[in-house]
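Structure first, then comments.
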2 protein chains.
Amino acid sequence: MSKSVTLKDVAAAVGVTSAAASMALSGHERISEKTRAAVKQAADELGYVPSSAGRALRSQRADAVALIVPNSSTHVFGHLYFMHVLTGMSTAANAHDAQVIVSTNADTSSGGVAYERVMRSRTADGAIVTSAAIDDDHVQTLVASGLPVVLIGNYPHLERAVSVGIDDVTATERLVEHLVTVHGRRRLLHVTGTLDHQTGIDRRDGFLRAADTHGLSDVAVVEGDLSEASGAAAVEQVLASGAEHDGIVFANDDMAVGGLRVLRRAGIRVPDDVSVVGFDDFGLARVTTPGITTVRVPAEEMGRIATERLFDLVDRRTPSTTGQHTELPVEVVLRGSCGCDDDARSPAP
Amino acid sequence: MSKSVTLKDVAAAVGVTSAAASMALSGHERISEKTRAAVKQAADELGYVPSSAGRALRSQRADAVALIVPNSSTHVFGHLYFMHVLTGMSTAANAHDAQVIVSTNADTSSGGVAYERVMRSRTADGAIVTSAAIDDDHVQTLVASGLPVVLIGNYPHLERAVSVGIDDVTATERLVEHLVTVHGRRRLLHVTGTLDHQTGIDRRDGFLRAADTHGLSDVAVVEGDLSEASGAAAVEQVLASGAEHDGIVFANDDMAVGGLRVLRRAGIRVPDDVSVVGFDDFGLARVTTPGITTVRVPAEEMGRIATERLFDLVDRRTPSTTGQHTELPVEVVLRGSCGCDDDARSPAP
DNA sequence: CTGAAAGCGCTTACAG
DNA sequence: CTGAAAGCGCTTACAG
């Protein structure tokens, strides 16, 4: 393994001090054009790349941001959602010449310590936290510590938090409204997400609010956990109970996939007998038969914008205002599972 | 933002030098039990976390590994495959108390420079490279530089490379054999992956070899690019040409999804009229109707094992032997698209 | 046995 | 204007 080239090597090659070489490479005006050119050429020839450790130690800046996923059961982390967020983060981080660090707590016993360490050790200048449970103390501690953090999602109880999210309540209302007004469905079932996460609560509340708005009296709510298996289990349970529904609103697409499978095996036709809608549109909803009508969550854009907000905090361009939330618009994507033609789209908002 | 606590602060609190505090925290035997306990307590109380920059600079080790994805069109990077690899990497990295850095070249103009910088700057101690094209010079340079690198996939022309992969040739042969011997399909079509990647070549060669083995005379090969759209386009093209096939072997599941859609719209029944198989099983193949018979690529395990191999190199536990390849077994997953019952499985290898 | 310097690589603030 | 020290935080090798 070749010994790495330091600034000192470059300086020696040109016959200047490493301080001068540093200034030359950063384009400092006090270095003559001639010296600057010589240093740059030597750096290129030697393949000099600044040591990130040396630079970080001196500048007190890691030029790195972390994606923190507190809840790291494989089921949760191994999801296309994170890939979308990560893609958005990478776009923003590349523009800032910063690295992206992925920090996930494989070890649940160590709790939040893993990512607290990332922040305290200054491995990253700031962090994006996503999928945090409402009562996750570590997130609260992190936010309260004043370290640059941007949350993805809605955290109404964390007043000081900077966050980026969507309006889950309204989006779910739009789905229900579609089922009621376009397809005449009124006996609706909602299968919730995890209710220790705000999205789970908000989507359920959107469902209930819409049911109220439209005067639906015959609705039911069953708790799920966002997994395909829990969507299947919820539908099985309801079928066994003998309850009859003409529409099912799943809190995400994974559960809708599980539900569709159970319905198909039970000989219940979708959308003829029952309309189905999901939420997320990260990839699955497009490939089932019928395709799943859903709300497209702009995860990549959330990741990108959250990261830009994070750099604002890190660079202190933004005064440390308390609690700023950026809300992104969502789009309802109409497919076959509700009774619309596959691949139809609602007009842009 | 609270000023970060340094070793000096901890030492001052106890009344020792920072050198002594350092030794106390690392459990060095020359520090008395009493002092050690006092330092540890002070560190806890002050919330001391070692600066990664200070430590990295001193120890010449970043305690971080990078996942490098050279070919970063969003279509390629935003794929569940990377999430699986990343999950495996995280597992191994956590066990070594190392960070995971994700480096993707959003900017194609800068070519391989982006990840060469990651390595040269010592931001990471080593890298996992995946999805590299056969003729990617940057990968060759990286491997040749002697920096710790483990490749995921097969790189027969890079003799010095350490790599982890599967046998794409044999796996594809097994799929073809299944179609021929179990379902009596003989007029097969293969839709290839990208042929500038070894997997694309190997899967095609596996198809051709199996066709030869079974004496199939009526086979065809169409080039695809692994995208859903290219799978659809390939099938449209073949349908338009009037060629008749009773089985289609797609080089991945995404293309199979696209192909299934076109077949359905054309009124061609799967598996009744034509058997379909894919490759990968990263998530899509399970949710279509019918489910797609495919080969399960153990991406998470590949990520985990590649990372363990990488730490071997970084720690020099392994002598720098030339060209070590680890081959993982794969499993054929039988679903409805070939004509088997959905959810059936081949016996473990 | 223990105290404190040296030095990892960098860049800025200071001295001349 | 320019040369070279100081110091970011850490840990090991050296001096006493």
Side-chain angles (χ1 to χ4, degrees), chain A residues 1-36 38-40 42-43 46-64 97 117-125, chain B residues 1-36 38-40 42-43 46-64 97 117-125:
Chain A
M1 187 171 349
S2 52
K3 182 84 182 65
S4 63
V5 178
T6 72
L7 199 49
K8 211 168 143 190
D9 301 323
V10 175
V14 182
V16 298
T17 66
S18 57
S22 171
M23 289 171 149
L25 290 175
S26 67
H28 197 294
E29 56 175 19
R30 80 174 244 191
I31 304 295
S32 75
E33 189 51 54
K34 190 181 142 211
T35 305
R36 206 183 303 178
V39 170
K40 284 189 173 165
L46 296 172
Y48 170 71
V49 176
S51 150
S52 58
R55 190 197 283 268
L57 186 57
R58 167 71 220 208
S59 62
Q60 299 291 76
R61 203 183 209 276
D63 284 321
D97 281 318
R117 287 184 76 86
V118 172
M119 298 302 291
R120 308 293 304 271
S121 71
R122 299 280 170 185
T123 300
D125 299 316
Chain B
M1 187 172 352
S2 53
K3 182 84 181 64
S4 63
V5 179
T6 72
L7 199 50
K8 211 168 144 189
D9 301 323
V10 174
V14 181
V16 297
T17 65
S18 56
S22 170
M23 289 171 150
L25 290 175
S26 66
H28 197 292
E29 56 175 18
R30 78 175 246 191
I31 304 296
S32 75
E33 189 51 54
K34 192 180 139 210
T35 306
R36 206 184 301 180
V39 170
K40 284 188 174 166
L46 295 172
Y48 169 72
V49 177
S51 150
S52 59
R55 190 198 284 266
L57 187 57
R58 168 71 220 208
S59 62
Q60 298 292 74
R61 204 184 208 276
D63 283 322
D97 280 319
R117 287 185 78 84
V118 171
M119 297 301 291
R120 309 293 304 269
S121 70
R122 299 278 167 186
T123 300
D125 299 317

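When reading the values below, keep in mind they use all heavy atoms of this one structure, side chains included, and skip hydrogens, waters and symmetry mates.
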| task | Give the minimum heavy-atom separation between A:Val39 and A:Val14, together with the two atoms involved. | result | CA-CG2, 3.9 Å
| message | Measuring to OP1 and OP2 of C:dT11, would you say a side-chain N or O of A:Arg55 lies under 4.0 angstrom away? | response | yes
| Euclidean distance, atom CZ of residue A:Arg36 to atom C1' of D:dT2 [Å, nearest integer] | 15 Å
| query | Within the distance-only criterion (no hydrogens, no angle test), does the side chain of A:Ser52 pair as donor or acceptor with the backbone N or O of B:Ser121 below 3.5 angstrom? | reply | yes
| query | A:Arg58 has an atom CZ; how far is it from atom C1' of C:dT11, in whole Å? | reply | 4 Å
| query | Base, sugar-phosphate, or nothing for A:Ala19, non-hydrogen atoms under 4.0 angstrom? | reply | base
| request: Find the partner of D:dA13: check Watson-Crick (N1-N3 plus N6-O4 or O6-N4) and G-U wobble (N1-O2, O6-N3) distances, both under 3.5 Å, and reply none if neither fits. | output: none
| said: Restricting to non-hydrogen atoms, name the atom on B:Ala62 and the atom on B:Ala56 that form the minimum distance, rounded to 0.1 Å. | reply: CA-CB, 4.2 Å
| Can you tell which of C:dT11, D:dG9, D:dT11 lies closest to the side chain of B:Leu57? | D:dG9
| remark: Answer for the Watson-Crick or wobble partner of C:dA4, both distances under 3.5 Å, is none
| query | Quick one: is B:Gln60 getting a side-chain N or O under 4.0 Å of the C:dG9 phosphate, OP1 or OP2? | reply | yes
| task | Could you say whether B:Leu7 or A:Arg30 is positioned toward the 5' end of DNA chain D, judged by the nucleotide with the nearest heavy atom to each? | result | A:Arg30
| request: For residues B:Leu7 and B:Leu25, determine if any side-chain heavy atom of one lies less than 4.5 Å from a side-chain heavy atom of the other. | output: yes
| To the nearest angstrom, how far is B:Arg61 atom CZ from C:dG7 atom P? | 24 Å
| Contact class for A:Ser18 (heavy atom, under 4.0 Å): base, sugar-phosphate, or nothing? | base
| said: Please check: side-chain N/O of A:Arg55 versus main-chain N/O of A:Pro50, any donor-acceptor pairing under 3.5 Å? | reply: no
| said: Could you tell me how far C:dG16 sits from D:dG7 if I compare only their P atoms? Round to whole Å. | reply: 15 Å
| If you pin A:Gly54 and A:Met23 to their nearest nucleotides in DNA chain D, which one's is more 5'? | A:Met23
| task | For B:Ser51, report the nucleic acid contact type (base, sugar-phosphate, nothing); a contact means any heavy atom under 4.0 Å. | result | sugar-phosphate
| remark: To the nearest angstrom, the NE2-C1' distance between B:His28 and D:dA13 comes to 11 Å
| query | B:Lys8 NZ to D:dG7 C1': how many Å, rounded? | reply | 9 Å
| query | Between A:Leu25 (CG) and C:dT12 (C1'), how many Å, whole number? | reply | 15 Å
